[in-house]
Structures are given as C-alpha cells and as structure tokens.
Amino acid sequence: MLFSLAFAMLTLQSSVKICTTAESKGQLCLGTVGRHRGETEPALLTVYTREGPKEAHHIEHRCSRCGTGYWHGYYTKGPDVFYHEDCLEDTILVTSNQTAFGLHLLWEYTTLMIVTKSAFEGLAASYNLTHSNEETQGGRRCLEPKRLREGWFLYCLLEMS
C-alpha cells in the first residue's frame with residue numbers, strides 16, 4: 001500500500017467551469033470550460049517540494065466559446081497569463097509550463113533568505129544535495145537557481161498583490 005502511494009502521479013488542473021473573461025465589448029464570456037480536446041497528453045511538470053522533486057500531469061482546459069486556456073491556478077488569453085486571486089490557497093504554485101513549487105518550500109526559502117541571507121544559488125545547491133537520489137520520471141531532479149529565482153519572485157509578487 002505504501003509503495004503505490006509513494007509513486008502516485010500528481011494531477012493538476014483548473015477547477016473553473018464557467019469562463020468569466022471579458023470579451024471585446026466588455027461583457028463576460030460565460031462559455032463552458034472543459035478539458036481541451038486537442039490535447040493528446042497532459043503536460044508533464046516537475047514540482048519541487050520539501051520532500052523532493054515530484055512529477056505531475058498538468059491538464060489544460062479551454063473555454064468552448066472564446067478559447068481561453070485554464071490551468072491550475074491561472075488562465076491564459078493569447079500570450080498573456082493571469083493568476084487567479086486564490087492561487088496561493090492551494091499547496092502548489094505552477095510557475096511555468098514545466099515547473100511548479102510547493103508553497104511550503106517557497107515559504108521556508110523566504111525565511112532562510114531573511115534570517116541567513118541565503119542566495120538562490122546556495123538554496124538550490126542545498127536542495128540538490130538533500131534530494132540527490134530522487135530523480136523524476138522525466139529526468140529532471142536538479143533545481144536550477146534560475147527556476148528557483150523566477151518561482152520565488154512570482155510567489156512574492158502574488159503574495160503582495
């Protein structure tokens with residue numbers, strides 16, 4: 001029983017059912033949102049958590065009327081990305097189409113930066129040493145300082161807004 005739970009794949013997707021984006025005339029779209037029919041396989045994400053890197057399927061949903069893309073915690077309209085107001089109420093923040101972070105890890109790293117004046121390079125190196133034997137199915141296990149930096153700044157921006 002424990003073996004099967006330890007290797008279960010996470011699935012991240014939007015819970016939005018009705019599109020509330022504004023159309024060109026300023027009215028709400030109100031189209032239905034469902035799984036994108038053109039998507040053959042869900043995107044594969046690496047989620048960096050306190051327990052080590054995990055893999056997750058990131059399922060795309062689309063509005064049937066305007067085509068707005070809905071993902072876990074955010075939506076896209078053309079090239080623009082909009083995060084939901086409640087995106088930090090979940091345990092995972094998706095920061096790119098390949099990367100996500102556990103919010104507990106981002107909070108822990110925020111406190112370490114404040115108290116010990118740690119840099120992104122040092123935090124990423126520490127994470128990689130701690131979780132060096134844990135490789136995801138897609139082969140990504142190392143946390144790059146650039147990924148951490150981008151994820152942390154997004155987290156802080158969303159936290160302050």
Side-chain angles (χ1 to χ4, degrees), residues 4-110 120 123-124 127 131 134-161:
S4 64
L5 290 176
F7 294 103
M9 178 78 70
L10 296 170
T11 300
L12 302 173
Q13 60 186 332
S14 177
S15 60
V16 174
K17 301 297 179 205
I18 301 292
C19 180
T20 57
T21 60
E23 292 184 318
S24 59
K25 297 176 185 173
Q27 296 177 343
L28 295 180
C29 172
L30 301 178
T32 58
V33 175
R35 186 147 183 191
H36 183 46
R37 296 179 199 274
E39 180 184 50
T40 55
E41 289 186 27
L44 194 61
L45 287 175
T46 300
V47 183
Y48 297 99
T49 69
R50 287 169 122 181
E51 296 78 29
K54 311 281 185 227
E55 283 195 333
H57 288 293
H58 199 202
I59 298 173
E60 178 182 7
H61 289 216
R62 290 253 174 217
C63 173
S64 61
R65 189 167 170 200
C66 70
T68 298
Y70 285 88
W71 304 85
H72 179 79
Y74 68 95
Y75 65 95
T76 58
K77 193 153 182 83
D80 299 323
V81 178
F82 303 92
Y83 279 83
H84 297 295
E85 289 181 19
D86 63 350
C87 67
L88 295 180
E89 292 177 13
D90 202 349
T91 58
I92 295 173
L93 175 65
V94 177
T95 59
S96 75
N97 62 354
Q98 293 182 338
T99 308
F101 288 92
L103 291 178
H104 293 300
L105 179 70
L106 291 172
W107 173 247
E108 180 180 336
Y109 282 4
T110 300
F120 294 109
L123 292 170
Y127 184 90
H131 304 291
E134 300 172 29
E135 187 168 325
T136 63
Q137 191 177 20
R140 290 180 63 197
R141 68 175 162 86
C142 288
L143 174 57
E144 298 292 329
K146 178 183 176 182
R147 284 192 196 115
L148 176 57
R149 186 179 305 111
E150 291 169 352
W152 185 82
F153 277 113
L154 175 62
Y155 167 72
C156 289
L157 179 70
L158 293 170
E159 191 70 59
M160 290 188 285
S161 62

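If you're wondering where the values come from, they're calculated on a predicted model, not measured in any experiment.
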Do P42 and R35 have side chains that approach each other closer than 4.5 Å (heavy atoms only, starting at C-beta)? yes

Any residue meeting side-chain contact (heavy atoms from CB on, under 4.5 Å) with V16, in chain and number order, not counting sequence neighbours: S14, V33, Y70, H84

Of the options E108, H131, H104, which is the one that meets R50 in a side-chain hydrogen bond (donor to acceptor under 3.5 Å, both in side chains)? E108

Can you name the residues that form a side-chain contact (heavy atoms from CB on, under 4.5 Å) with E150, not counting sequence neighbours? K146

Determine, step by step, whether K77 and C66 satisfy the side-chain contact (heavy atoms from CB on, under 4.5 Å) criterion, reporting the C-alpha distance in whole Å, the side-chain angles of both residues, the deciding distance to 0.1 Å, and the verdict. CA-CA 9 Å; K77 193 153 182 83; C66 70; 3.8 Å; yes

Residues that L88 engages under side-chain contact (heavy atoms from CB on, under 4.5 Å), provided they are two or more places apart: L93, L103, Y155, L158, E159

Does any part of the side chain of L148, heavy atoms only, come nearer than 4.5 Å to the side chain of Y127, both counted from C-beta? no

Atom pair OG1 (T68) and CZ (R62), whose distance is rounded to the nearest 0.5 Å: 8.0 Å

Quick one: list whatever passes ring pair (Phe, Tyr, Trp, His ring centres under 6.0 Å) with F120, sequence neighbours left out. W152, F153

Go through the structure and list residues passing side-chain contact (heavy atoms from CB on, under 4.5 Å) with D80, not counting sequence neighbours. F82

According to side-chain hydrogen bond (donor to acceptor under 3.5 Å, both in side chains), who are the partners of T11, at least two apart in sequence or on a separate chain? none

Give me the ring orientation class for H58 and H72: parallel if the planes are under 30° apart, tilted from 30 to 60°, perpendicular past 60°. perpendicular

Atom OG1 of T99 and atom CG of L45: how far apart are they, to the nearest 0.5 Å? 7.5 Å

Expected output: side-chain T49 to main-chain G102 donor-acceptor under 3.5 Å: no

Between the CD1 atom in I18 and the CZ atom in R65, the distance rounded to the nearest 0.5 Å is 11.0 Å

Looking at OG1 of T95 and CZ of R149, how far apart are the two atoms once the value is rounded to the nearest 0.5 Å? 13.0 Å

